[in-house]
Peer 1: 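Quick one: the structure is below, and I'll ask about it shortly.
Nothing here was measured: the structure is a model prediction, and the numbers come from that model.
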Amino acid sequence: MMSADNHTIFDPVTYILTEITGREESRVWIIIPFCLMYVATLFGNSLLLFIIFTERSLHKPMYLFLSMLATADLIILTTTVPNMLAVFWFSGGEISFVACLTQMFLNCVSFTTESAILLAMAFDRYVAICNPLRYTTVLTKSVIGKMGLAAVTRSFCIIFPLIFFMKRLKFCRTNLLPHTYCENMIIARMACDNITVHLGYGLGVATFIIGLDVVLIALSYGLILRAVFRLPCKDAQLKALRTCGSHFCVILMFYVPSFSSFFAYQFGHNIPGYSLDLLSSLHVLIPPMLNPIVYGVTTKEILKQVINVFYPCGSRSSLLS
């Protein structure tokens with residue numbers, strides 16, 4: 001079924017994804033950067049995972065959490081961006097309702113998992129700076145594995161009710177989905193049922209669950225800053241702050257676009273549709289693309305291993321100097 005009358009209840013078998021509305025004439029200027037960002041993101045995160053898993057010196061809490069973050073980024077990327085690029089290339093793409101729900105579920109689970117991982121990384125920095133003598137005994141590989149499992153389990157339990165709510169909705173509008181991938185709020189607004197509970201639950205997750213992560217991360221950094229500024233030596237203070245710099249940049253790159261996109265869809269009724277679509281599409285691509293770059297540039301251990309991969313001979317020492 002390709003379309004439906006606004007008052008006819010139907011069970012959507014497929015959705016037709018549509019490109020960013022209002023900017024069809026600029027398609028080529030969107031496709032090329034998006035393709036380049038997609039390839040760069042796949043390469044960067046895959047390289048980061050390869051380096052962390054093959055180099056035993058990087059089997060430390062901070063890098064293990066970073067590998068979890070890269071894995072979540074790759075899941076979001078591979079479930080979303082191929083559809084997005086197909087829509088740009090062919091001015092639309094068909095996706096089944098089940099596949100659409102699966103994509104939405106994996107995206108939401110990966111997003112909330114990333115938030116939990118960023119919280120775990122903040123705890124890692126807190127222990128490393130505020131309790132350095134207990135660092136290796138507190139954050140063992142077993143504890144890190146349990147924290148990763150808890151992050152995934154929490155995300156699954158939080159997001160699964162959204163799928164339950166979605167399956168119960170009756171749709172009476174078009175099956176043309178005005179977006180480049182399946183997004184929770186956009187699909188819900190195509191239903192003819194009352195979606196107050198659905199929207200309220202989504203807003204509650206963003207405000208209280210993700211918001212709680214942000215508050216705990218801020219608390220961790222407050223305690224870290226207090227401990228850092230109590231250090232007697234200025235060099236020690238700068239060294240401690242540098243170890244947190246890359247993580248803080250990743251936090252900003254993750255939460256600022258995500259919350260901007262979410263609240264723009266919730267309350268930005270006067271924002272042009274193409275601006276919302278572009279913002280939503282970019283927030284899927286840009287943070288996963290920049291994460292490996294930030295850690296590769298700011299973390300000497302990772303930079304050294306990257307140089308070892310591309311310059312395995314003696315030239316790497318001159319590159320690091």
Side-chain angles (χ1 to χ4, degrees), residues 28-82 84-86 88-89 110-111 113-114 117-118 120-122 124-125 128 135-136 139 141 144-145 148 235 238-254 256-257 281-321:
V28 68
W29 300 108
I30 296 175
I31 291 172
I32 294 173
F34 272 52
C35 284
L36 293 175
M37 285 190 287
Y38 177 55
V39 173
T41 307
L42 276 179
F43 177 76
N45 284 281
S46 299
L47 178 63
L48 189 61
L49 284 173
F50 172 77
I51 288 172
I52 292 173
F53 286 132
T54 56
E55 180 56 45
R56 293 187 63 84
S57 64
L58 297 181
H59 292 182
K60 298 175 183 177
M62 184 178 81
Y63 303 112
L64 294 177
F65 285 128
L66 182 56
S67 69
M68 295 180 192
L69 195 68
T71 302
D73 281 339
L74 286 174
I75 292 173
I76 292 176
L77 202 70
T78 53
T79 56
T80 303
V81 180
M84 191 187 300
L85 294 177
F88 289 144
W89 278 112
S110 298
F111 174 82
T113 299
E114 281 200 41
I117 292 169
L118 289 174
M121 293 172 80
D124 165 75
R125 293 299 84 202
Y135 184 66
T136 55
L139 288 170
K141 287 185 179 179
I144 294 168
D235 288 340
L238 291 174
K239 184 179 179 181
L241 289 174
R242 274 197 298 269
T243 64
C244 299
S246 53
H247 180 237
F248 188 72
C249 288
V250 168
I251 288 172
L252 290 179
M253 290 187 303
F254 177 77
V256 171
S281 299
L282 287 174
H283 110 267
V284 171
L285 265 173
I286 290 181
M289 180 185 69
L290 293 180
N291 288 349
I293 297 173
V294 168
Y295 274 98
V297 170
T298 62
T299 309
K300 188 175 181 180
E301 292 83 355
I302 293 179
L303 180 59
K304 179 182 176 182
Q305 295 306 320
V306 171
I307 294 172
N308 285 346
V309 170
F310 294 102
Y311 299 93
C313 301
S315 59
R316 64 178 179 265
S317 58
S318 61
L319 288 169
L320 277 171
S321 58

Peer 1: For Tyr38, check side chain to side chain donor-acceptor pair (under 3.5 Å) against everything at least two apart and list the hits.
Peer 2: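 Not a single residue meets the side chain to side chain donor-acceptor pair (under 3.5 Å) criterion with Tyr38.
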Peer 1: Under the side chain to side chain contact (heavy atoms under 4.5 Å, CB included) rule, collect the residues that match up with Leu36, sequence neighbours excluded.
Peer 2: Ile32
Peer 1: Quick one, His247 and Asp124 - any side-chain contact, counting heavy atoms below 4.5 Å?
Peer 2: no
Peer 1: Do Met253 and Val250 touch side chain to side chain, with heavy atoms closer than 4.5 Å?
Peer 2: yes
Peer 1: Any chance you could measure Thr298, atom OG1, to Leu303, atom CG, to the nearest 0.5 Å?
Peer 2: 9.5 Å
Peer 1: Counting C-beta onward and ignoring hydrogens, is there a side-chain heavy-atom pair between Leu74 and Leu42 closer than 4.5 Å?
Peer 2: yes
Peer 1: Mind checking whether Val309 and Gln305 have side chains closer than 4.5 Å, heavy atoms only?
Peer 2: no
Peer 1: Not counting sequence neighbours, list each pair that qualifies as a side chain to side chain donor-acceptor pair (under 3.5 Å) and has a residue in residues 68-80.
Peer 2: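 The answer is Asp73-Asn291, Thr79-Asn107, Thr80-Asn107.
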Peer 1: Which atoms form the tightest heavy-atom contact between Ile302 and Gly296, and what is the distance?
Peer 2: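 Ile302 and Gly296 have their closest heavy atoms at CG2-CA, 4.0 Å.
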Peer 1: Indicate the atoms forming the closest heavy-atom contact of Leu48 with Ala70, along with that distance.
Peer 2: CD2-CB, 4.3 Å
Peer 1: Which residues pass the side chain to side chain donor-acceptor pair (under 3.5 Å) test with Ser110, sequence neighbours left out?
Peer 2: none
Peer 1: Is there a side-chain contact between Leu66 and Leu58 in this structure, where contact means two heavy atoms from C-beta onward sitting under 4.5 Å apart?
Peer 2: no
Peer 1: Residues in side chain to side chain contact (heavy atoms under 4.5 Å, CB included) with Ile144, at least two apart?
Peer 2: Pro61, Leu64, Phe65, Met68
Peer 1: Which residues pass the ring pair (Phe, Tyr, Trp, His ring centres under 6.0 Å) test with Phe248, not counting sequence neighbours?
Peer 2: Tyr221
Peer 1: Answer yes or no: is there a side-chain heavy-atom contact under 4.5 Å between Met62 and Thr299?
Peer 2: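 SC-SC contact between Met62 and Thr299 confirmed.
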Peer 1: Applying side chain to side chain contact (heavy atoms under 4.5 Å, CB included), can you list everything that pairs with Pro287, at least two apart in sequence or on another chain?
Peer 2: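 Counting only residues at least two positions away or on another chain, Pro287 forms a side chain to side chain contact (heavy atoms under 4.5 Å, CB included) with Pro257.
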Peer 1: With sequence neighbours left out, write down each residue that passes ring pair (Phe, Tyr, Trp, His ring centres under 6.0 Å) with Phe111, or none if nothing qualifies.
Peer 2: Phe254
Peer 1: Measure the CD1-OH distance between Ile52 and Tyr295 for me, rounded to the nearest 0.5 Å.
Peer 2: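 Reported to 0.5 Å precision, the distance equals 9.5 Å.
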Peer 1: Go through the structure and list residues passing side chain to side chain donor-acceptor pair (under 3.5 Å) with Ser57, not counting sequence neighbours.
Peer 2: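 Residues passing side chain to side chain donor-acceptor pair (under 3.5 Å) with Ser57: Glu55.
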Peer 1: If I compare all heavy atoms of Leu47 with all of Phe310, which pair ends up nearest, and what's the gap?
Peer 2: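 Heavy atoms only, the tightest pair is CD2-CE1, 3.9 Å.
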Peer 1: Return the OG to CD1 distance between Ser246 and Ile293, rounded to the nearest 0.5 Å.
Peer 2: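 CD1 of Ile293 is found 13.5 Å from OG of Ser246.
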Peer 1: Give the intermediate values and the outcome of side-chain contact (heavy atoms from CB on, under 4.5 Å) for residues Val81 and Ile76.
Peer 2: CA-CA 8 Å; Val81 180; Ile76 292 176; over 6 Å; no
Peer 1: For Leu282, which residues count as a side chain to side chain contact (heavy atoms under 4.5 Å, CB included) partner, sequence neighbours excluded?
Peer 2: Phe34, Met37, Leu278, Ile286
